[in-house]
Amino acid sequence: MLREHHSFFLPNLLYFTNGNTYLGSFLGLRFRVQPTTEGEGEQQQEVLACLCWYGEYCLEESQVAAEASFPLDAEGRAQVIDWLEGQYAAMPKPEEEE
C-alpha cells in the first residue's frame with residue numbers, strides 16, 4: 001500500500017547509514033526512523049529504530065503508538081516500510097474515535 005502510493009517517501013539506505021534521522025508522515029500517520037546502536041559488546045548491532053504516532057501534532061505533543069527496531073541494511077529498510085504499512089492499517093479512523 002505505502003510502497004505504491006505517490007505521497008509516501010522513505011529515504012534510501014545511504015541516508016540512514018550516514019547517521020541521518022528521518023521524520024515523515026502519511027495521511028495522519030507520523031513516524032520517525034533513526035539509525036542507532038542496540039546491545040552491548042559482541043551483541044552490539046546497528047539498527048533502524050522506528051516509532052509512530054497518529055494525528056496532526058509533533059512527536060513531543062503526541063503519544064507514541066508503536067515502536068520497533070530493524071537491521072540497518074536493505075532488508076531492514078524494507079521491513080520498516082512493511083511495519084509502517086501495518087501501523088497505517090491499524091490507525092484509528094475518524095469514525096472509530098467517537
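Numbers here are sequence positions counted from 1.
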Legend entry - Test item: S62 side-chain N/O and Y57 main-chain N/O as donor-acceptor pair under 3.5 Å: yes
Inset, instruction - Could you tell me whether a side-chain N or O of N12 sits under 3.5 Å from a main-chain N or O of Y15, the two making a donor and an acceptor? - result: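 Confirmed, N12 side chain pairs with Y15 backbone.
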Just verifying a value: how many Å separate [X] [atom1] and [Y] [atom2], rounded to the nearest 0.5 Å?
X	Y	atom1	atom2	result
C52	R32	SG	CZ	11.5 Å
R77	F16	CZ	CZ	7.0 Å
S69	Q45	OG	CD	8.5 Å
L27	M91	CG	CE	7.0 Å
R30	E56	CZ	CD	7.5 Å
T37	E40	OG1	CD	11.5 Å

So do the side chains of [X] and [Y] get within less than 4.5 Å of each other, counting heavy atoms only?
X	Y	answer
L10	Y22	yes
L48	T36	no
W53	L29	no
L59	V64	yes
T21	P35	yes
F31	V80	no
P92	Y54	yes
E67	C50	no

Inset, instruction - Count the heavy atoms of every other residue, nucleotide or ligand shown that sit under 6.0 Å from CD of Q34, and state whether that count exceeds 12. - result: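 Atom CD in Q34 is packed in, count exceeds 12.
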Inset, instruction - Evaluate whether atom CD of Q44 has more than 12 neighbouring non-hydrogen atoms of other residues, nucleotides or ligands under 6.0 angstrom away. - result: yes
Inset, instruction - State plainly whether one hydrophobic cluster holds both L23 and I81, where clusters connect Ile, Leu, Val, Met, Phe, Trp and Tyr through side-chain heavy atoms under 4.5 angstrom apart. - result: no
Inset, instruction - Following the transitive rule for hydrophobic clusters with a side-chain heavy-atom cut-off under 4.5 Å over Ile, Leu, Val, Met, Phe, Trp and Tyr, establish whether L84 and F26 coincide in one cluster. - result: yes
